[in-house]
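Note that the structure is predicted; figures quoted are calculated from it, not measured. Chain identifiers are assigned alphabetically (A, B, ...) following the order of the sequence lines, protein sequences preceding nucleic acid strands; residue numbering begins at 1 within each chain. We use all heavy atoms of the structure for the numbers below, so side chains are in, but hydrogens, waters and symmetry mates are not.
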Amino acid sequence: MKASIRPYAFSALGIAGALVIWQVLATAKVAGNALPPATTVFSTLTSTLGTGTFWSALGATIGIALLALALAALAGVAIGLLVGSFESVRYATLAVLEFLKPVPPIVVLPLAVLVLGPTAEMSLFLVVFGCLLPIVMQTVDGVQGTDPVARDTARSYGMREGEILARVVLPSAMPYIGTAMRVAAPAALVVTVVAGLLGGGPGLGQSIYQAQAAGDYASLYALVIVLGVLGLLFQGATRLAERRVLHWHESYREVVP
Amino acid sequence: MRNVKIRNWVIGAGTPVLLLAAWWFLSANSTDPFFPPLQTILVRFQELWLFEHFQSDVLLSLGNLFVGFAIAAVAGIGLGFATALLPPVRWMIDPLIHFLRGIPPVALVPIFISLIGFGTQMRVTSIALAALFPTMIATVDGIRSVSNDLMDVARVYRLSRKERVLNVLLPAAMPQIFSGLQVSLQVAFIVMIASEMLGSSQGIGAMTLLAQQSFMTADMWAGILLLGVIGFLVNILFSLLKRKVLSWYIGSRRMARAA
């Protein structure tokens with residue numbers, strides 16, 4: 001066997017092994033009906049893919065996650081530029097931001113459900129709540145990291161403050177914002193699912209809750225598999241987008257030998 | 001210069017106080033069912049958590065969090081080392097790990113409920129499994145980024161395999177492992193709450209959601225407050241531990257930057 005294909009052979013072996021173990025455990029009924037066989041799950045998955053409810057749930061999940069991500073990005077960068085540009089604002093917000101940073105959106109989920117009900121707005125609010133702070137923090141770091149020489153040069157060329165912000169500070173903060181977005185995008189998906197699962201917001205989270213409540217374990221597993229694939233796609237897409245948007249920046253430029 | 005520093009301190013400490021005061025006075029005579037007076041919330045906070053439900057719910061939640069996180073930390077570092085040092089193992093489980101990582105951790109909770117039921121066991125398992133991946137992936141990355149020079153030196157000194165793993169690789173990968181552990185801790189905290197919110201009757205998360213569903217708004221706010229404080233404190237404690245364990249690393253970084 002050639003060394004170059006060996007990793008792939010082992011990967012295939014690993015996947016096949018996991019599927020076989022799953023199938024054997026399920027047919028032996030080690031967990032009763034709660035663990036359906038892999039074959040059943042995959043046939044359920046195929047039939048689920050043919051239903052309209054699945055696609056509308058998928059659409060709701062992706063739509064909410066992306067819309068909230070966009071809102072969080074706009075608001076986060078704006079707040080971050082504000083906080084990063086003025087020392088007094090930075091000190092004023094420091095304690096509040098540091099307190100809220102480690103508080104996940106699931107903590108305020110009961111409040112959101114109480115006020116907004118099990119709606120798409122509730123999911124949107126939670127995702128924005130979860131994604132906003134990391135973006136703000138990174139943008140502040142990016143603004144702080146702006147080369148003072150570049151800033152002074154811009155000023156001596158007679159640029160106005162707004163122009164400096166748009167042409168010097170923002171571009172130099174872009175890689176930081178890019179990093180924040182790469183972390184925030186998968187998180188947005190996760191929070192959308194959580195909002196559906198625990199708060200009854202529309203989307204795949206709600207479908208999972210219904211499948212579990214109805215004891216429809218094959219659908220439950222099928223939906224979780226869909227989420228796994230969706231999560232991978234989100235991660236891949238954000239990495240690609242980051243590289244596309246930031247290809248001009250030093251840390252992303254490809255080295256030409 | 002001194003004046004600016006003092007001014008910043010005053011602003012930094014004053015704003016949170018001002019915000020809390022604003023909340024206190026603006027909500028003082030509130031009849032809005034969603035936003036009860038802060039005073040009522042604090043009274044309920046004291047009645048609920050200090051100390052009527054302290055042992056039965058707060059300690060239970062924290063215990064699950066701690067045990068789940070500890071299992072995830074040990075297993076994550078162990079599996080990380082196994083995957084990084086044995087290429088066949090890495091090739092075999094890499095795709096599976098990446099797939100499992102794509103699944104939102106909270107979505108695994110319904111599966112564990114159906115497999116193990118609603119008990120403590122389910123909660124600890126959910127926490128441990130969900131929190132495993134960040135540590136494991138960080139460990140693998142940490143070991144891979146250990147410089148070859150370091151490993152060559154270790155080999156020249158004829159360190160045994162065990163010595164190389166424990167005395168060279170582990171410390172060198174420590175900074176990344178700790179970053180992974182911090183993410184794991186956050187995931188563990190989220191899954192702790194989620195596992196309690198999904199059909200359990202005990203724990204802070206369950207009590208908070210139950211209060212919301214029965215429109216006991218002040219109780220719900222008290223729960224949110226407690227969860228927020230726990231999230232904050234747990235993170236602070238971990239950061240202190242990290243600073244202590246990694247003091248040599250932080251020091252060497254500072255030296256490198258000063259040079």
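- With a threshold of 4.5 angstrom between heavy atoms, Tyr217(A) approaches chain B through side-chain atoms but not through N, CA, C or O.
- Ranked by heavy-atom pairs under 4.5 Å with chain A, the first of Gly223(B), Pro87(B), Pro110(B), Gly231(B) is Pro110(B).
- Using a cut-off of 4.0 Å between Lys/Arg side-chain N and Asp/Glu carboxylate O, Arg44(B) and Glu47(B) are scored as salt-bridged.
- Both the backbone and the side chain of Asn8(B) come within less than 4.5 Å of a heavy atom in chain A.
- Among the candidates Val96(A), Val89(A), Leu220(A), Val103(A), the residue making the largest number of heavy-atom pairs closer than 4.5 Å to chain B is Leu220(A).
- Put simply, CG on Leu132(A) and CG on Leu69(A) are 11.0 Å apart, with the number rounded to the nearest 0.5 Å.
- At a 4.5 Å heavy-atom cutoff, the contact between Val229(A) and chain B is made by backbone and side-chain atoms alike.
- In this structure, chain A has heavy atoms under 4.5 Å from both the backbone and the side chain of Ile224(B).
- Note that CZ of Phe99(B) is 9.0 Å distant from CG of Leu227(A), once rounded to the nearest 0.5 Å.
- The contact between Tyr209(A) and chain B is made entirely by side chain atoms (from C-beta outward), counting heavy-atom distances below 4.5 Å.
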TODO: Determine, step by step, whether Thr15(B) and Thr93(A) satisfy the side chain to side chain contact (heavy atoms under 4.5 Å, CB included) criterion, reporting the C-alpha distance in whole Å, the side-chain angles of both residues, the deciding distance to 0.1 Å, and the verdict.
DONE: CA-CA 7 Å; Thr15(B) 318; Thr93(A) 48; over 6 Å; no
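- Heavy-atom pairs under 4.5 Å with chain B were tallied for Val108(A), Leu198(A), Leu114(A); the largest tally goes to Leu114(A).
- Looking at Val224(A), the atoms closer than 4.5 Å to chain B (heavy atoms on both sides) sit in the backbone and in the side chain alike.
- Highest contact tally toward chain B, considering only Ala211(A), Ala213(A), Ala92(A), is held by Ala92(A) [criterion: heavy-atom pairs under 4.5 Å].
- In terms of non-hydrogen atom pairs under 4.5 Å with chain B, the most contact-rich of Leu189(A), Leu230(A), Val191(A), Ile225(A) is Ile225(A).
- Chosen from Asn235(B), Ile111(B), Thr217(B), the residue pairing most often with chain A at heavy-atom distances under 4.5 Å is Ile111(B).
- The line from OG1 of Thr48(A) to CZ of Phe54(A) is 7.5 Å long, rounded to the nearest 0.5 Å.
- Judged by distance alone, with hydrogens and angles left aside, the side-chain atoms of Gln144(A) form a donor-acceptor pair with the main-chain N or O of Gly84(A) at under 3.5 Å.
- Note on Leu223(A), Leu111(A), Ile208(A): by heavy-atom pairs under 4.5 Å with chain B, the leading option is Leu111(A).
- Trp221(B) places no side-chain N or O within donor-acceptor distance of the main-chain N or O of Leu42(B), the cut-off being under 3.5 Å.
- Residue contact with chain A, scored on non-hydrogen atoms closer than 4.5 Å, involves the side chain of Leu19(B) exclusively.
- How far CD1 of Ile193(B) is from CD1 of Ile106(A): 5.0 Å, rounded to the nearest 0.5 Å.
- Your options are Leu13(A), Ile15(A), Leu94(A), and the one with the most heavy-atom pairs under 4.5 Å with chain B is Ile15(A).
- Heavy-atom pairs under 4.5 Å with chain A peak, among Val106(B), Leu18(B), Val234(B), Leu115(B), at Leu115(B).
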Task: Verdict with reasoning, Phe69(B) to Phe189(B), per ring-ring contact (aromatic ring centres under 6.0 Å, His included) - done: CA-CA 9 Å; Phe69(B) 175 67; Phe189(B) 182 58; over 10 Å; no
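- Counting only N and O atoms by type, the side chains of Gln23(A) and Thr39(A) include a donor and acceptor under 3.5 Å apart.
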